[in-house]
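Please read these numbers as outputs of a predicted model, since none were measured by experiment. Whatever order the structure lists them in is the order used to number ligands and atoms, beginning at 1.
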Amino acid sequence: MPETVLRSFGQGTEPLLIVHGGAGHRSTPLTEDGAASAHAALEKVLAAGWAVLAEGGSAGDAVIAAVRELEDAPDFNAGHGAALTSAGAAELDASLMTGDGASGAVAGVTTVRNPITAARAVMDRSEHVLFAAPTGAQLVEWGVETVDPDYFVTDKRRSELAAFQDRPDPAFQHGTVGAVARDSAGHVAAGTSTGGIVNQQPGRIGDTPLVGAGTFADDGTVAVSCTGTGEVFITEVAAHSVHARVALAGMDADEATVEVLDRIAAREGMGGIIVVPAEGAGLAAYNSGDMFYASASSAGSHTHV
Ligand code: ASP
């Protein structure tokens, strides 16, 4: 198991945005073109999210702006360019939580262009938290943009699925995108979106749409977004576990995150976690070998592929 890597960004109570484009282990390094494309995509993501924070917008709006860009970029496993199920289709999951305790999530959507917008609609326009495979009528009522299911399927993901079915390699199964933010009013928010894992059985759902497992936010502690072995992140209730360590054990965000990643490793899981606390530096940490992540604050921006 690779060692845990941790990077910190930002300080005090200043606005801060951290995003991830999935954690995993690459048995072959990214090509130069692949790396350039991922850097450029992450810069676009930061620009969209930071514009909201810089204008005094809310952490929730910044998270949505950033996750939408991540979903639109074919480089990452969410929205357009999502990983495909064993049947060759994209089944998409997303969740959103703001630090005041509001949340919304969707699982198994196949026609919503930006699943994070459906999570937002569930939060704002329904009395519930999680919808599985919402109906066409619900999507119309929520006012989210829909597309043909083929929109999500790229040639690269088709070849990846064929290669995986030929020779399964769990190291290639991972991905997911997410964002955590703190705004100038001191509120935090987190959002996560995914196509799940390559070659997953139709109907399989991981941690991403589960508030508490893949996503959590509390204005008194932290905002958290996870990527990695979904089944283990669910049973460890990973995102909430980071919050609980900060809230109940008085740990700082770094210590809490490393401890949660250690527990995940002990159960043969791996992945990455991004965290923005209500006060202090935010972080990106992973124990999977590789993770796409980026951050923006008044001190500048940073992208890592
Ligand atoms: N956690 C995601 C899932 O289980 C996959 C990942 O982030 O690698 O669906």
Side-chain angles (χ1 to χ4, degrees), residues 1-2 18-27 38 67 70-71 73 75-79 81-87 89-97 105-110 115-116 119 130 132-133 152 157 160-161 164 168-180 190-216 224-242 257 260-261 263-265 267-275 284-293 305:
M1 170 71 64
I18 302 178
V19 305
H20 72 77
H25 178 68
R26 297 179 198 131
S27 34
V67 173
L70 286 157
E71 290 173 337
D75 310 72
F76 310 114
N77 172 13
L84 303 177
T85 68
S86 56
E91 293 182 2
L92 309 165
D93 308 327
S95 62
L96 174 72
M97 185 165 184
V106 288
V109 299
T110 55
I116 196 72
L130 172 63
F152 301 109
R157 294 297 184 188
E160 181 186 78
L161 177 65
F164 186 91
D169 177 356
F172 277 116
Q173 274 191 298
H174 296 287
T176 284
V177 307
V180 287
T192 315
S193 180
T194 194
I197 54 178
V198 179
N199 199 44
Q200 69 181 8
Q201 290 176 43
R204 177 264 179 192
I205 292 167
D207 58 313
T208 303
L210 302 182
V211 169
T215 304
F216 195 78
V224 184
S225 169
C226 301
T227 168
T229 320
E231 285 67 14
V232 182
F233 277 74
I234 291 173
T235 45
E236 282 297 320
V237 202
H240 186 271
S241 282
V242 175
T257 304
V260 170
L261 282 172
R263 284 183 62 91
I264 282 163
R267 300 183 68 170
E268 292 180 11
M270 64 171 187
I273 301 181
I274 54 173
V275 183
Y286 54 103
N287 63 3
S288 52
D290 300 290
M291 180 157 87
F292 295 102
Y293 62 86
V305 303

Inset, instruction - Output yes when the distance from some N or O of ligand 1 to some N or O of Glu231 is under 3.5 Å, and no in every other case. - result: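 Between Glu231 and ligand 1, no N or O pair is found under 3.5 Å apart.
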Inset, instruction - Answer yes or no: does an N/O atom from Gly206 fall short of 3.5 Å to an N/O atom of ligand 1? - result: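 Min N/O separation from ligand 1 is not below 3.5 Å for Gly206.
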Legend entry - Gly228 touching ligand 1 at heavy-atom level, < 4.0 angstrom: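 Gly228: in contact with ligand 1 (<4.0 Å).
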Inset, instruction - May I ask whether Arg204 places a heavy atom under 4.0 Å from ligand 1? - result: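 Right, Arg204 reaches ligand 1.
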Legend entry - Plane angle bin for Tyr293 and Tyr286 - parallel if under 30°, tilted between 30 and 60°, otherwise perpendicular: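 Rings of Tyr286 and Tyr293: tilted, 30 to 60°.
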Inset, instruction - Can you sort out which atoms of ligand 1 are near Gly196, meaning under 4.0 Å from one of its heavy atoms? - result: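 So the atoms of ligand 1 that pass are 9 (O).
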Inset, instruction - For Thr227, take its heavy atoms, then give the atoms of ligand 1 lying under 4.0 Å from any of them. - result: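 Per the distance check, 6 (C), 7 (O), 8 (O).
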Legend entry - N/O donor-acceptor pair under 3.5 Å between Ser95 side chain and Thr208 backbone: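 Answer holds: yes.
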Legend entry - Rounded distance [0.5 Å steps], CG in Asn199 versus OG in Ser86: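 So the gap between those two atoms works out to 5.5 Å.
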Inset, instruction - Using distance alone, with no hydrogens and no angle criterion, decide if Glu236 and Ser241 have a side-chain donor and acceptor under 3.5 Å apart. - result: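 No, because no side-chain N or O of Glu236 sits under 3.5 Å from a partner of the opposite role on Ser241.
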Inset, instruction - Check whether any side-chain heavy atom of Glu160 lies under 4.5 Å from a side-chain heavy atom of Val198, and answer yes or no. - result: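 When only atoms from C-beta onward are counted, Val198 and Glu160 do touch, with a gap below 4.5 Å.
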Inset, instruction - For the residue pair His20 and Val180, establish whether any side-chain heavy-atom pair is separated by less than 4.5 Å. - result: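 The answer is no, as the side chains (C-beta and beyond) never meet within the 4.5 Å cut-off.
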Inset, instruction - Pick, from Thr176, Asp207, Thr208, the option with the minimum heavy-atom distance to atom 1 (N) of ligand 1. - result: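 Minimum heavy-atom distance to atom 1 (N) of ligand 1 goes to Asp207.
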Inset, instruction - For ligand 1, indicate whether the residue Met270 contacts it via side chain, backbone, both or neither (heavy-atom separation under 4.0 Å). - result: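 Near ligand 1, Met270 shows nothing, with every heavy atom at 4.0 Å or more.
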